[in-house]
Amino acid sequence: MRTVLALVLAAGTPAFAQEMEPGEWEFQVVITAPGMPKPQPMASRQCLTAELAKDPLRWGGNPSQPADCRITTLKKGPDAVSWQMECPSTGMKGTGSARFGRGSMQSETQVGGGNSVALRTRTTARRLGPCKP
């Protein structure tokens with residue numbers, strides 16, 4: 001799931017007109033792809049400190065992602081972002097969009113190419129409240 005979040009959030013970082021509110025967040029991810037018998041859901045929770053909430057790459061990043069992955073097109077709005085990305089070493093390309101608010105986030109990405117199958121990922125996240133000790 002960290003790879004999915006990295007792809008979604010790597011493009012969104014410069015576009016935050018509203019910052020995500022610090023606290024306990026729940027992420028729901030559903031991945032679909034040709035050949036999968038059914039959608040694959042995943043869920044996780046993460047405590048985002050004020051510092052982390054300002055910089056999703058710090059908590060959504062994936063160190064195993066190819067170093068040459070980059071955003072090729074980025075369109076920003078006050079509470080939304082869309083992008084195209086590519087990773088030349090793997091031949092992977094994708095598109096995505098996300099909408100952010102202080103207490104919620106929704107996104108969708110489509111990634112494929114290289115040796116991978118075409119993946120569609122839908123992510124929703126919501127702030128649950130303060131972080132638990």
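- The distance from the OG atom of S82 to the NZ atom of K76 is 11.5 Å, given to the nearest 0.5 Å.
- Using a 4.5 Å heavy-atom threshold, the side chains of T109 and T95 count as separate.
- In this structure the side chain of R122 never reaches within 4.5 angstrom of the side chain of V29, judged on heavy atoms.
- Heavy atoms only, all atoms of each residue included: G101 and W25 are closest at O-CH2, 4.4 Å.
- Minimum heavy-atom separation, C131 to G23: SG-C, 3.4 Å.
- With rounding to the nearest 0.5 angstrom, the CD1 atom of I31 is 3.0 Å from the CE atom of M42.
- Shortest non-hydrogen contact noted between F27 and M105 is CE2-CE, 4.2 Å.
- Rounding to the nearest 0.5 angstrom, the gap separating the CE atom in M36 from the CG atom in L119 is 6.0 Å.
- Residues satisfying the side chain to side chain contact (heavy atoms under 4.5 Å, CB included) test with S104, not counting sequence neighbours, are Q106.
- Residues Q110 and T121 form no side-chain contact, since every pair of their non-hydrogen atoms from C-beta on lies 4.5 Å or further apart.
- By the 4.5 Å heavy-atom criterion applied to side chains, E24 and R127 are not counted as neighbours.
- Under the rule for a side chain to side chain donor-acceptor pair (under 3.5 Å), the partners of E26 that lie at least two apart in sequence or sit in another chain are R126.
- Under the side chain to side chain donor-acceptor pair (under 3.5 Å) criterion, Q84 pairs with T73, sequence neighbours left out.
- A donor-acceptor contact shorter than 3.5 Å links the side chain of D68 to the backbone of S89.
- When the side chains of ILVMFWY residues are joined at heavy-atom separations under 4.5 Å, either directly or via intervening members, M92 and I71 end up in a single hydrophobic cluster.
- Taking each heavy atom of A33 and A118 in turn, the nearest pair found is CB-O, 3.3 Å.
- Listed by first and then second residue, the salt bridge (charged side-chain N to carboxylate O under 4.0 Å, His left out) pairs involving residues 82-95 are R70-E86 (not counting sequence neighbours).
- Among pairs with a residue in residues 32-41, none fulfils side-chain hydrogen bond (donor to acceptor under 3.5 Å, both in side chains), at least two apart in sequence or across chains.
- Taking 4.5 Å as the limit, every side-chain heavy atom of F100 sits out of range of all side-chain heavy atoms of D79.
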